[in-house]
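Below is one structure, written out as C-alpha cells; the observations come after it.
Read the numbers this way: they start at 1 and go in the same order the structure lists the ligands and their atoms.
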Amino acid sequence: METTKCLIIGGGPAGYTAGIYASRADMKPILIEGPQPGGQLTITTEVENFPGYPKGMSGPAIMDDIREQSLRCGTDMRSGMVTEVDFSKRPFRCVVDDTDEYMADTVIIATGATARWLGLESERTYRGFGVSACATCDGNFFRGRDVAVVGGGDTALEEATYLAKLCNKVYLVHRRDEFRASKAMQQRVFDTPNIEVVWNSIPTEIVGEKRGFMKAVTGLAVTDKNSGENRTLPVDGVFVAIGHTPVTELFAGQIELDPQGYIVTKPDSTATSVDGVFAAGDVQDPQFRQAITAAASGCKAAIEAERFLIQ
Ligand code: NDP
C-alpha cells in the first residue's frame, strides 16, 4: 500500500496540468495515467487553438510536451487503471489494476470522456474492420477510397476534412439539416469538393462481407428522415464522430453525477460533492470540452487540493 497527499486519476491535459501544479506545491502527486495516456488530443490531427503553438501542432506532440513538463516538475506517473475507489472516508482508498492500493489525502479525477457509438449491432461487428472513431488513427488505411463520417459537430467536420485529403470521396452523414459545428469548420467542409453532405439521414446498418478470415465494410445504409427513402452509401470505411461520454462509471454512487454522467462540481470550483475529491477536465465539463479548458481546470483542481490540505 502507498500513501500520497494527492492522487490524480487520468493522464490528459487536465491530469498532467494538475500534476504540474501539485508537484510545484510539494504535494508529491502520484498520477495514474489510464488506458489512453495523453487523452483525446492523441487522436486528433492538427491543433491550431492551443496557446503557445503559433504555427499549430499535432495533438500527440502537444500532449507529449505537457506530459514531459509534468514529469519534469516531479509528477510520479504510473500506468494502470483505477479499478476501485472508496470516497466514504479519508484518506481515500483507490485500487489500481485490482491489486495496488493507494491511500490519498486528496483525489483529483481527470478521467475525461470517450467516443460514443451509434449502437448498431453491425457497428460492433465491423469495429476495427472498417468502423472507427478516429480518423487520425485509421484514415491512412482508406487512402484513395470512399468513406463516410457520421455526425454534425466539430469533430465530425474536422474528421471529414482530414479524410478528404486522403480519400477519394467522403460522405458526411448528419441526422439534421444543419450542423452544430462552428461556422469556420462548416465553411471548410462546404469548400471541399470531395465531401458530400448527406442531410437528414439516420444510419441504420453497417453493410459488410466476410473475406476469408477477415471482415470488410462495403457500405453504410441510411434512411432519409423526411422521405423515408433507404439507400446504401458505397464506402469502405465508416467513421463515427457523434460525441463523447464522460468516464465516470467507477464513481457512480460515490460522488454526485448529473443525468448525463458528468461529475457535478461547485460553481467556480473543481470541488465535488465529497470534500477532498476534485474533478477537472472533460469529466466535469459537458460545455467547453477543450484541451485548454481541461488544462486550466487541472490547474484549479491542484490549487484547490493544496488549499484543502492546508485547511
Ligand atoms: P458534439 O456533441 O458537438 O456533436 C455530436 C454530433 O453527433 C452532433 O451533430 C449530433 O447531432 C450527432 N449525434 C449524436 N448522437 C447521434 C446519433 N445517435 N446518431 C447520429 N448522430 C448523432 O460532439 P463533438 O465531438 O463534435 O464535439 C465535442 C466538443 O468538442 C464540442 O464542444 C466541439 O466544439 C469541441 N471540438 C472542438 C474542436 C476544435 O475547436 N478544433 C474539434 C473537435 C471538437 P445533433 O447535432 O443533431 O445533436
Report the part of Gln290 (side chain from C-beta onward, or backbone N, CA, C, O) that has a heavy atom under 4.0 Å from ligand 1; answer both or neither where that applies. side chain
Identify, for atom 47 (O) of ligand 1, the protein heavy atom at the shortest distance, and state residue, atom and that distance. Arg176 NE, 2.7 Å
Any donor-acceptor pair under 3.5 Å linking the side chain of Thr245 with the backbone of Arg116? no
Determine whether more than 12 heavy atoms belonging to other residues, nucleotides or ligands lie under 6.0 Å from atom CZ of Arg145. yes
Classify the side-chain pair Glu33/Tyr16 by whether it contains a donor and acceptor separated by less than 3.5 Å. yes
Distance from atom 23 (O) of ligand 1 to nearest protein heavy atom, with residue and atom: Gly243 CA, 3.6 Å
For atom 25 (O) of ligand 1, find the nearest protein heavy atom and state the residue, atom name and distance (0.1 Å precision). Thr155 OG1, 2.6 Å
Within 4.0 Å of some non-hydrogen atom of His244, the atoms of ligand 1 are 25 (O)
Please verify whether a non-hydrogen atom of Glu178 lies at under 4.0 Å from ligand 1. no
Side chain, backbone, both or neither: the part of Arg116 lying under 4.0 Å from ligand 1 by heavy atom: neither
Option nearest atom 38 (C) of ligand 1 (shortest heavy-atom distance, choices Leu118, Asp154, Asp282, Val150): Asp154
Just by distance, with hydrogens left out, do Ser269 and Glu304 show a side-chain donor and acceptor under 3.5 Å apart? yes
Taking atom types as modelled, is there a side-chain donor on Asp97 or Thr99 under 3.5 Å from an acceptor on the other? no
Could you check whether Ser23 and Thr75, counting side-chain N and O atoms only, form a donor-acceptor pair closer than 3.5 Å? yes
Do other residues, nucleotides or ligands put more than 12 heavy atoms under 6.0 Å from Phe190 CZ? yes
I want to confirm something. Looking only at heavy atoms, which of Ile242, Asp285, Thr293 is nearest to atom 21 (N) of ligand 1? Ile242
Closest approach of any protein heavy atom to atom 48 (O) of ligand 1, naming residue and atom: Arg180 NH2, 2.6 Å
Residue-level breakdown please: for Asn49 versus ligand 1, do any non-hydrogen atoms fall below 4.0 Å on the side chain, on the backbone, on both, or on neither? side chain
Distance-only polar pair, side chains of Asp146 and Asn168, donor-acceptor under 3.5 Å: yes
Do the rings of Phe142 and Phe239 sit parallel, tilted or perpendicular, given the 30° and 60° boundaries? perpendicular
Which heavy atom of the protein is the closest neighbour of atom 15 (N) of ligand 1, given with residue, atom name and distance? Arg175 NH1, 3.6 Å
Please list the nearest protein heavy atom to atom 31 (C) of ligand 1 with its residue and the distance rounded to 0.1 Å. Arg289 NH2, 4.0 Å
Identify the closest protein heavy atom to atom 42 (C) of ligand 1: which residue and atom is it, and at what distance? Glu158 OE2, 3.6 Å
Got more than 12 heavy atoms from elsewhere within 6.0 Å of CE, Met103? yes
Mind checking whether Gly152 has an N or O less than 3.5 Å away from an N or O of ligand 1? yes
